Amino acid sequence: MIINQAVLYTHLLDTMKDFYVNSLDFPLTAASPRSFSIKVGESELTFKESPLHTKPFYHFAFNVPANRFMEAKQWATQRVFLNTEEKEDEIYFEAFDAHSFYFEDPARNIVEYISRHSDCPPSKDPFSSKSLLSIGEINLTTPYVHSVGTQLINSGITVRNNRLLNETFNFLGSGSAFFLVGTPKRRWFFSNRNSEIHPLMAKVNHSLTVALDEKGMLKITRE
């Protein structure tokens, strides 16, 4: 699976644009008074201005070339403070054969840089934001985990390793891209934040549009 585009919301549009474009050096692909988009390898990440009195936040991950994890981490530590879990600022996931580190952006989104050693190709170039391969993960927080998961499965996006749907948290996708479908009020790993329901949209596999609304209901359309 590939996540071609993700559209998220923020109450700090100008601050977020400055952070991603000027501090983290992401290429800006579009900008308007109420939104901006950045290039993340093969993917595009768009932030739109959120409605008044809401402060959306999300968890998402960017894929790092298989051989550039430590270099990416060193690069990041010059620009952000890394989050820690039990005094560690990185983790190895045996199930994914992947290393990750985490930080928060100005809107307190939980941003993960993940190097999937078996699924992400290596790079010959020194690491920069332009080295990132794609969006690797994005959360779909919903009280309707089973029905949302079933909708994704019926659209061809299966649970990782073809497992049965869990009632509280699941990885759905394949290769180097996954939706994290889970319930509200779960603590996000490497943070002190609990998951919340916020609207978002993602385009995947050049054919599906996955849209979550403010109540956690999912709508999937095929182009």
Side-chain angles (χ1 to χ4, degrees), residues 1-13 16 20 30 34-38 40 42-63 102 104-105 107-112 114 134-160 163-189 191 193-223:
M1 185 174 90
I2 181 168
I3 300 173
N4 308 111
Q5 183 187 26
V7 179
L8 311 179
Y9 292 86
T10 181
H11 65 295
L12 297 173
L13 189 68
M16 290 281 281
Y20 279 98
R34 294 186 177 181
S35 69
F36 71 92
S37 300
I38 56 173
V40 186
E42 295 183 82
S43 307
E44 184 176 66
L45 177 60
T46 297
F47 287 100
K48 290 187 174 182
E49 188 174 54
S50 63
L52 293 176
H53 311 302
T54 66
K55 296 181 179 181
F57 80 94
Y58 308 86
H59 164 67
F60 48 87
F62 298 146
N63 286 323
Y102 302 75
E104 294 183 9
D105 66 18
R108 298 198 67 195
N109 293 302
I110 300 154
V111 186
E112 177 183 1
I114 182 167
S134 56
I135 298 172
E137 294 176 3
I138 187 166
N139 73 284
L140 299 177
T141 300
T142 174
Y144 313 110
V145 169
H146 194 273
S147 62
V148 166
T150 299
Q151 286 178 265
L152 292 170
I153 291 169
N154 290 340
S155 298
I157 300 172
T158 58
V159 182
R160 183 175 67 89
R163 295 177 179 176
L164 296 176
L165 272 172
N166 184 289
E167 294 295 330
T168 58
F169 191 74
N170 303 270
F171 282 82
L172 286 96
S174 60
S176 60
F178 296 89
F179 287 118
L180 280 57
V181 181
T183 54
K185 299 182 180 180
R186 291 184 67 262
R187 185 181 72 85
W188 285 115
F189 205 33
S191 83
R193 307 213 73 187
N194 293 328
S195 56
E196 298 178 0
I197 303 168
H198 295 290
L200 63 86
M201 186 277 288
K203 292 183 178 180
V204 300
N205 298 337
H206 302 284
S207 61
L208 292 178
T209 298
V210 176
L212 191 78
D213 68 17
E214 65 278 359
K215 295 181 180 179
M217 301 290 288
L218 192 69
K219 181 179 180 180
I220 301 176
T221 55
R222 188 179 296 273
E223 295 181 1

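It should be emphasised that the depicted structure is a prediction, and the values quoted were computed from it without experimental measurement. Note that these values count all heavy atoms, side chains included, but never hydrogens, waters or copies made by symmetry.
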Could you go through Ile153 and Leu165, starting from their C-alpha distance and side-chain angles, then the distance that decides it, and tell me whether this counts as side-chain contact (heavy atoms from CB on, under 4.5 Å)? CA-CA 10 Å; Ile153 291 169; Leu165 272 172; 3.9 Å; yes
Verify, without hydrogens or angle tests, whether Asn139 (side chain) and His59 (backbone) share a donor-acceptor contact under 3.5 angstrom. yes
To the nearest 0.5 Å, what is the distance between OG on Ser174 and CG on Asn205? 7.0 Å
Say you draw a straight line from NZ of Lys185 to CD of Glu196; how long is it, rounded to the nearest 0.5 Å? 10.0 Å
Spell out, as yes or no, whether a donor-acceptor pair under 3.5 Å connects the side chain of Ser195 to the backbone of Arg186. yes
Calculate, to the nearest 0.5 Å, the distance between atoms CG and CD belonging to Asn63 and Glu42 respectively. 9.5 Å
Taking all non-hydrogen atoms of both residues, which atom of Lys215 and which atom of Pro143 are closest, and how far apart? O-CD, 3.7 Å
Give, for atom CE of Met1 and atom OG of Ser176, the distance between the pair rounded to the nearest 0.5 Å. 9.0 Å
For Leu140, which of Leu180, Val145, Val181, Ile197 qualifies under side chain to side chain contact (heavy atoms under 4.5 Å, CB included)? Val181
Do Glu104 and Ser191 get their side chains close enough for a donor-acceptor pair, meaning under 3.5 Å? no
Rounded to the nearest 0.5 angstrom, the NZ-CE distance for Lys219 and Met201 is 12.5 Å
Side chain proximity check, Ile135 to Phe62, heavy atoms < 4.5 angstrom: yes
Plane angle bin for Tyr20 and Phe60 - parallel if under 30°, tilted between 30 and 60°, otherwise perpendicular: tilted
Report the distance from atom CG of Asn109 to atom NE2 of His198, rounding to the nearest 0.5 Å. 9.0 Å
Report yes if the side chains of Glu167 and His146 come closer than 4.5 Å at any heavy-atom pair, otherwise no. yes
